[in-house]
Amino acid sequence: MKVEKMKKLATELVEKLEKLKQAELAAEFSWCWVSFQNDQNSTGVIEKANQALVALKEAREKNAKSVSKKLVDELEKALA
């Protein structure tokens, strides 16, 4: 995981998940992100970010305008 890229995306990702009615996943990612900032254990962040990526891609398949391609691409780069 590329920490600097994820740091830039974290807030936008949480907001987008909430807009997509994925509030539980948004809360879980947010919690894992704060935990990561404290203990530097990226396991939870990576797991939740991958789940978020799946959710974003599914939303994009249903309606391409609901999620920007840039957000999906940036998240993929941050996870690489």
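Below, each value reflects all heavy atoms present in this structure, side chains not excepted, and no hydrogens, waters or symmetry copies. Owing to the predicted nature of the structure, the values given are computational and were not obtained by experimental measurement.
- Summarising the geometry, atom NZ belonging to Lys70 is positioned 7.0 Å from atom CD belonging to Glu12; distances are rounded to the nearest 0.5 Å.
- You'll find the side chain of Lys8 stays beyond 4.5 Å of the side chain of Lys2, heavy atoms only.
- The pair Lys69-Glu74 does not meet the salt-bridge criterion, since no charged nitrogen lies less than 4.0 angstrom from a carboxylate oxygen.
- Counting heavy atoms of neighbouring residues, nucleotides and ligands inside a 6.0 Å radius, atom CD of Glu24 does not exceed 12 of them.
- Grouped with Leu13 in one hydrophobic cluster are Met1, Val3, Met6, Leu9, Val14, Leu17, Leu20, Leu25, Phe29, Trp33, Phe36, Val45, Ile46, Leu53, Leu56, Val67, Leu71, Val72, Leu75, Leu79, the linkage being side-chain heavy-atom contacts under 4.5 Å among Ile, Leu, Val, Met, Phe, Trp and Tyr residues.
- Sorted by first then second residue, the salt bridge (Lys or Arg N to Asp or Glu O under 4.0 Å) pairs that include residues 34-53, not counting sequence neighbours, are Glu28-Lys48.
- The main-chain N or O of Lys5 is never found under 3.5 Å from a side-chain atom of Lys77 such that the two would form a donor-acceptor pair.
- A donor-acceptor contact shorter than 3.5 Å links the side chain of Asn38 to the backbone of Val34.
- Sorted by first then second residue, the salt bridge (Lys or Arg N to Asp or Glu O under 4.0 Å) pairs that include residues 59-68, not counting sequence neighbours, number zero.
- Note that CD of Glu58 and OG of Ser66 are 11.0 Å apart. Values are rounded to the nearest 0.5 Å.
- Interatomic distance, Gln37 CD to Cys32 SG, rounded to the nearest 0.5 Å: 11.5 Å.
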